[in-house]
Asks: 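One structure, pasted below without further comment.
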Amino acid sequence: MKRILVVFGTRPEAIKMCPLVLALKKTPAFKTVVCVTGQHREMLDQVLGFFKVTPDHDLCVMRERQTLFDITFRVMEGLRGVYGQELPDAVLVHGDTPTTFAAALAAFYMKIPVGHVEAGLRTYDIYAPFPEEFDRQAAGLIAKWHFAPTERARQNLLSEGKDPRAVYITGNTVIDALKLTTGKGFTDDALAWAEGSRMVLLTAHRRENWGGPLERIFRGVRRAVEETPDVKLLFPVHHNPVVRRAAELLRGFERIRLIEPVDVLAFHNYIARCYMILTDSGGIQEEASAFGKPVLVLRDVTERPEGVEAGTLKLVGTEEEAVYQGFLRLLTDRTEYGRMSRAVSPYGDGHACERIVNALLDSFREN
Ligand code: UD1
Ligand code: UDP
């Protein structure tokens with residue numbers, strides 16, 4: 001029996017790794033061990049609770065206003081002990097956070113093979129998004145197995161010289177997660193509040209948007225909402241204190257509601273029900289595409305070009321005027337809205353976890 005150690009630490013990693021943990025646990029050839037770094041706390045625990053995944057190890061690294069140094073150092077230190085105790089045959093990491101990077105590096109130092117889930121996303125600018133582009137490229141350097149969500153991601157990896165036999169197109173596991181969260185007739189207070197209006201979802205948290213960009217975004221958003229009486233804006237505010245302070249710019253408006261981060265069940269159902277989305281998030285770009293919900297991406301670059309090509313995503317950047325104009329246009333121009341609201345699924349068919357499990361089984365059989 002092969003020992004698979006799955007490591008993750010933030011909310012989006014958990015949403016995309018929990019379905020894989022469940023699939024691995026159903027596979028008799030594997031003994032699956034879960035280690036969370038706790039880079040996030042409340043936001044991570046919400047996801048673990050929904051998927052009923054109980055970690056075997058929790059490094060509890062989160063600190064108020066933690067730095068990239070803090071996370072990287074504490075994760076490396078903690079994993080050294082966990083890897084030494086568990087002696088895994090493979091470590092699986094996800095995406096592009098310092099948890100991902102440090103977990104991959106610690107495995108490399110101990111010569112444990114690494115599988116990288118959501119491999120091959122690239123902007124090729126290591127400062128955008130920061131530090132995620134570096135983290136995923138570095139994890140790619142170390143990984144033995146690259147689980148690429150799309151053909152585009154596979155091409156990125158091949159152009160970097162990765163062995164084609166080590167790159168698997170799997171789809172994104174977030175689409176697997178959507179199958180477990182949506183379509184259940186969900187309702188709650190926030191949806192009841194938005195009933196009868198066009199509900200717009202907003203999220204923002206990226207490090208490169210801290211400070212001026214977040215403030216400009218929020219001003220642009222506020223102006224467009226003020227001018228459109230049938231719109232209600234719902235903003236689950238990330239726990240990061242930097243984001244919380246900037247979000248105050250949107251408080252005190254009748255048709256704008258700031259709420260605590262909601263669990264994944266609620267958020268996926270908000271996406272399913274909303275009119276459109278404004279976000280700088282990575283994962284939400286993929287989820288929205290699956291539902292055909294137009295997204296204005298509050299960034300200058302995206303590593304998710306498939307959604308832009310399919311027409312669901314549009315980059316608007318972070319300037320107040322561009323956000324205001326882009327948002328207002330989607331609210332008033334029905335042709336533009338119709339063009340962007342066709343459901344497409346460039347990010348997978350909901351069977352990514354199965355493909356990852358099978359790729360690992362085949363690989364272990366061959367060696
Ligand atoms: C991190 C990731 C980012 C990912 C995002 C998803 C890094 C550098 N960034 O950004 O790639 O898109 O998660 O949300 O890894 N906090 C809490 N409770 C929580 C979570 C965060 O209080 O459950 C607060 C803490 O004060 C913490 C701060 O938020 O210090 C920042 O958390 P951190 O993980 O460093 O950065 P994020 O902005 O969450
Ligand atoms: N999400 C959630 N609750 C919220 C806001 C977002 O569960 O209140 C989910 C969302 O569905 C997506 C993920 O969190 O799967 C995105 O996380 P985030 O934007 O923090 O990170 P990113 O994807 O940018 O790394």
Side-chain angles (χ1 to χ4, degrees), residues 8-19 36-51 60-72 74-75 94-103 118 121 128-136 172-178 180-182 188 190 201-210 214 234-246 257-272 274 277-288 290-291 293 295 297-299 302-304 347:
F8 53 89
T10 64
R11 170 176 66 190
E13 291 169 280
I15 291 171
K16 292 168 168 181
M17 287 300 248
C18 282
V36 294
T37 64
Q39 178 181 331
H40 282 174
R41 191 67 279 161
E42 305 87 335
M43 287 163 50
L44 172 70
D45 293 342
Q46 276 183 325
V47 184
L48 294 172
F50 173 75
F51 287 102
C60 295
V61 307
M62 196 190 90
R63 292 287 174 276
E64 178 82 8
R65 291 172 184 267
Q66 61 203 357
T67 66
L68 299 174
F69 288 93
D70 298 328
I71 309 167
T72 308
R74 293 166 65 82
V75 170
H94 180 276
D96 53 21
T97 69
T99 284
T100 317
F101 167 60
E118 198 179 87
L121 276 64
F130 175 84
E132 290 88 349
E133 179 69 12
F134 167 79
D135 291 333
R136 59 192 169 221
N172 198 306
T173 56
V174 79
I175 307 297
D176 301 32
L178 286 177
L180 303 172
T181 52
T182 47
D188 70 359
L201 273 179
L202 168 67
T203 79
H205 72 279
R206 296 240 86 77
R207 263 184 162 70
E208 64 274 18
N209 283 346
W210 289 1
L214 275 186
L234 191 59
F235 180 11
V237 187
H238 192 289
H239 271 288
N240 192 326
V242 181
V243 176
R244 299 208 147 203
R245 205 179 41 229
R257 197 182 244 205
L258 273 56
I259 58 171
E260 290 298 307
V262 291
D263 69 19
V264 60
L265 175 71
F267 197 79
H268 282 177
N269 283 284
Y270 293 174
I271 296 180
C274 75
I277 301 173
L278 299 153
T279 191
D280 66 4
S281 161
I284 295 170
Q285 294 176 50
E286 296 151 350
E287 294 162 347
F291 288 105
K293 300 292 178 172
V295 180
V297 183
L298 307 165
R299 297 163 60 172
T302 180
E303 59 292 273
R304 276 124 173 135
Y347 300 107

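Atoms within a ligand are numbered from 1 in the order they appear, just like the ligands themselves. Here the structure is a predicted model, which means the values were calculated and not measured.
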Asks: Look only at interatomic distance and state if Ser281 has a nitrogen or oxygen under 3.5 Å from any nitrogen or oxygen of ligand 2.
Replies: yes
Asks: For atom 21 (C) of ligand 1, tell me which residue out of His40, Gln39, Arg63 has the closest non-hydrogen atom.
Replies: His40
Asks: For a quick test of reading the model, state the closest non-hydrogen atom pair linking Ser281 to Thr279 and the distance between them.
Replies: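 Reported closest heavy-atom pair: N-OG1, 3.0 Å.
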Asks: Any idea which atoms of ligand 1 are less than 4.0 Å away from a heavy-atom of Glu132?
Replies: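 Once the distances to Glu132 are compared, the set is 3 (C), 9 (N), 11 (O).
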Asks: Mark yes or no for whether Asp70, through its side chain, and Thr67, through its backbone, hold a donor-acceptor pair below 3.5 Å.
Replies: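 Yes, the answer is positive, given that a donor and an acceptor are paired below the 3.5 Å cut-off.
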Asks: Which is it for His205 and ligand 2 at heavy atoms under 4.0 Å: side chain, backbone, both or neither?
Replies: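 For His205, only side-chain atoms sit under 4.0 Å from ligand 2.
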Asks: Check each atom of ligand 1 against the heavy atoms of Glu42 and keep those under 4.0 Å away; list them by number with element.
Replies: 17 (C), 18 (N), 19 (C), 22 (O), 23 (O)
Asks: Starting from atom 4 (C) of ligand 1, which protein heavy atom do you reach first, and at what distance in Å?
Replies: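 Looking only at protein heavy atoms, the one closest to atom 4 (C) of ligand 1 is His205 NE2, 3.7 Å.
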Asks: Give me the nearest non-hydrogen protein atom to atom 35 (O) of ligand 1 as residue plus atom name, then the distance to 0.1 Å.
Replies: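 The protein heavy atom lying closest is Gln66 NE2, 3.0 Å.
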Asks: Could an N or O of ligand 2 be found under 3.5 Å from any N or O of Arg11, whether backbone or side chain?
Replies: yes
Asks: Give the numbers and elements of all ligand 1 atoms closer than 4.0 Å to a heavy atom of Pro12.
Replies: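 In order of numbering, the contacting atoms are 6 (C), 14 (O).
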Asks: Could you name the option among Glu64, Arg41, Met62 that has the heavy atom nearest to atom 22 (O) of ligand 1?
Replies: Met62
Asks: Test your reading of the model: is there a side-chain donor-acceptor pair from Arg206 to the backbone of Pro129, 3.5 Å cut-off?
Replies: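 Checking the backbone N and O of Pro129 against the side chain of Arg206, no donor-acceptor pair under 3.5 Å is found.
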Asks: Show the atoms of ligand 1 that are less than 4.0 angstrom away from any heavy atom in Leu68.
Replies: 8 (C)
Asks: Under a 4.0 Å heavy-atom limit, does His238 contact ligand 1 with its side chain, its backbone, both, or neither?
Replies: side chain
Asks: Is the backbone of Pro261 close enough, under 3.5 Å, to the side chain of Gln46 for a donor and an acceptor to pair up by distance?
Replies: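 Side chain of Gln46 to backbone of Pro261, a donor-acceptor pair under 3.5 Å: yes, one is there.
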Asks: Heavy-atom distances under 4.0 Å are what count here, so tell me which part of Pro129 touches ligand 1: side chain, backbone, both or neither.
Replies: neither
Asks: Return the minimal non-hydrogen interatomic distance between Met62 and Gln39, and the atom names on each side.
Replies: CG-O, 3.1 Å
Asks: Among all protein heavy atoms in this structure, tell me which lies nearest to atom 31 (C) of ligand 1, with the distance rounded to 0.1 Å.
Replies: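 So the nearest neighbour among protein heavy atoms is Asn240 ND2, 3.4 Å.
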Asks: Check the pair Arg11 / Glu42 against salt bridge (Lys or Arg N to Asp or Glu O under 4.0 Å), numbers first and verdict last.
Replies: CA-CA 9 Å; Arg11 170 176 66 190; Glu42 305 87 335; over 6 Å; no
Asks: Can you report which non-hydrogen protein atom sits closest to atom 11 (O) of ligand 2, along with the distance?
Replies: Glu287 OE1, 2.9 Å
Asks: Quick one: nearest non-hydrogen protein atom to atom 3 (N) of ligand 2, plus distance?
Replies: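 Nearest neighbour among protein heavy atoms for atom 3 (N) of ligand 2, to 0.1 Å: Val262 O, 2.8 Å.
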Asks: Suppose I only count heavy atoms of Pro131 and a 4.0 Å limit; which atoms of ligand 1 are within that range?
Replies: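 Answer for ligand 1: 8 (C).
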Asks: Using the ring of each side chain (for Trp, its six-membered ring), is Phe101 parallel, tilted or perpendicular to Phe134, with breaks at 30° and 60°?
Replies: perpendicular
Asks: Which heavy-atom pair separates Gln285 from Val297 by the least distance, and what is that distance?
Replies: NE2-CG1, 3.8 Å
Asks: Compare every heavy atom of Leu234 with every heavy atom of Ile259, then report the nearest pair and how far apart it is.
Replies: CD1-CD1, 4.0 Å
Asks: Starting from atom 36 (O) of ligand 1, which protein heavy atom do you reach first, and at what distance in Å?
Replies: Arg207 NH1, 3.3 Å
Asks: Show me which atoms of ligand 1 lie under 4.0 Å from any heavy atom of Ile71.
Replies: 35 (O)
Asks: What part of Arg206, side chain, backbone, both or neither, has a heavy atom within less than 4.0 angstrom of ligand 2?
Replies: side chain
Asks: Between Arg257 and Phe235 (side chain of the first, backbone of the second, donor and acceptor by atom type, cut-off under 3.5 Å), is there such a pair?
Replies: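 Such a contact is absent between Arg257 side chain and Phe235 backbone.
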Asks: Looking only at heavy atoms, what is the nearest atom pair of His205 and Trp210, with distance?
Replies: O-NE1, 3.2 Å
Asks: Indicate yes or no for a side-chain donor-acceptor contact from Asp263 to the backbone of Phe50 under 3.5 Å, with no hydrogens or angles considered.
Replies: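 Not confirmed, Asp263 side chain does not pair with Phe50 backbone.
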Asks: Which bit of Ser281 is near ligand 1, meaning a heavy atom under 4.0 Å away: side chain, backbone, both or neither?
Replies: neither
Asks: Give a yes or no on whether the backbone of Cys274 and the side-chain of Lys293 come within a donor-acceptor separation of less than 3.5 Å.
Replies: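 Between the backbone of Cys274 and the side chain of Lys293 there is a qualifying donor-acceptor contact (under 3.5 Å).
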Asks: Just to be sure I read this right, does ligand 2 sit under 4.0 Å from the backbone of Glu132, its side chain, both, or neither, counting only heavy atoms?
Replies: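 Answer for Glu132: neither.
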Asks: Can you name the nearest heavy-atom pair linking Asn172 to Glu118, along with the distance?
Replies: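 Closest heavy-atom pair between Asn172 and Glu118: ND2-OE2, 2.9 Å.
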Asks: Is Glu260 close to ligand 2, meaning an N/O of one under 3.5 Å from an N/O of the other?
Replies: no
Asks: Give the atoms of ligand 2, by number and element, whose distance to some non-hydrogen atom of Val264 is under 4.0 Å.
Replies: 7 (O)
Asks: Do the side chain of Thr173 and the main chain of Lys16 share a donor and acceptor less than 3.5 angstrom apart?
Replies: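 Pair found, side chain donor or acceptor close to backbone of Lys16.
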Asks: Name the closest protein heavy atom to atom 25 (O) of ligand 2, giving the residue it belongs to and the distance to 0.1 Å.
Replies: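 Heavy-atom neighbour on the protein nearest atom 25 (O) of ligand 2: Pro12 CG, 3.3 Å.
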Asks: Are Val242 and ligand 1 in contact, using a heavy-atom cut-off of under 4.0 Å?
Replies: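 Heavy atoms of Val242 never come under 4.0 Å of ligand 1.
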Asks: How far is atom 9 (C) of ligand 2 from the closest protein heavy atom, and which atom is that?
Replies: Ile15 CD1, 3.5 Å
Asks: Between ligand 2 and Gly282, is the shortest N or O to N or O distance under 3.5 Å?
Replies: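 Between Gly282 and ligand 2, an N or O pair is found under 3.5 Å apart.
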Asks: Side chain, backbone, both or neither: which applies to His268 and ligand 2 if a contact is any heavy-atom pair less than 4.0 Å apart?
Replies: side chain
Asks: Does an N or O from Gly283, backbone or side chain, lie closer than 3.5 Å to an N or O of ligand 2?
Replies: yes
Asks: Any luck finding a side-chain donor-acceptor pair between Thr37 and Thr99 under 3.5 Å?
Replies: yes
Asks: Please state which protein non-hydrogen atom is closest to atom 26 (O) of ligand 1 and give its distance, to 0.1 Å?
Replies: Arg65 N, 3.1 Å
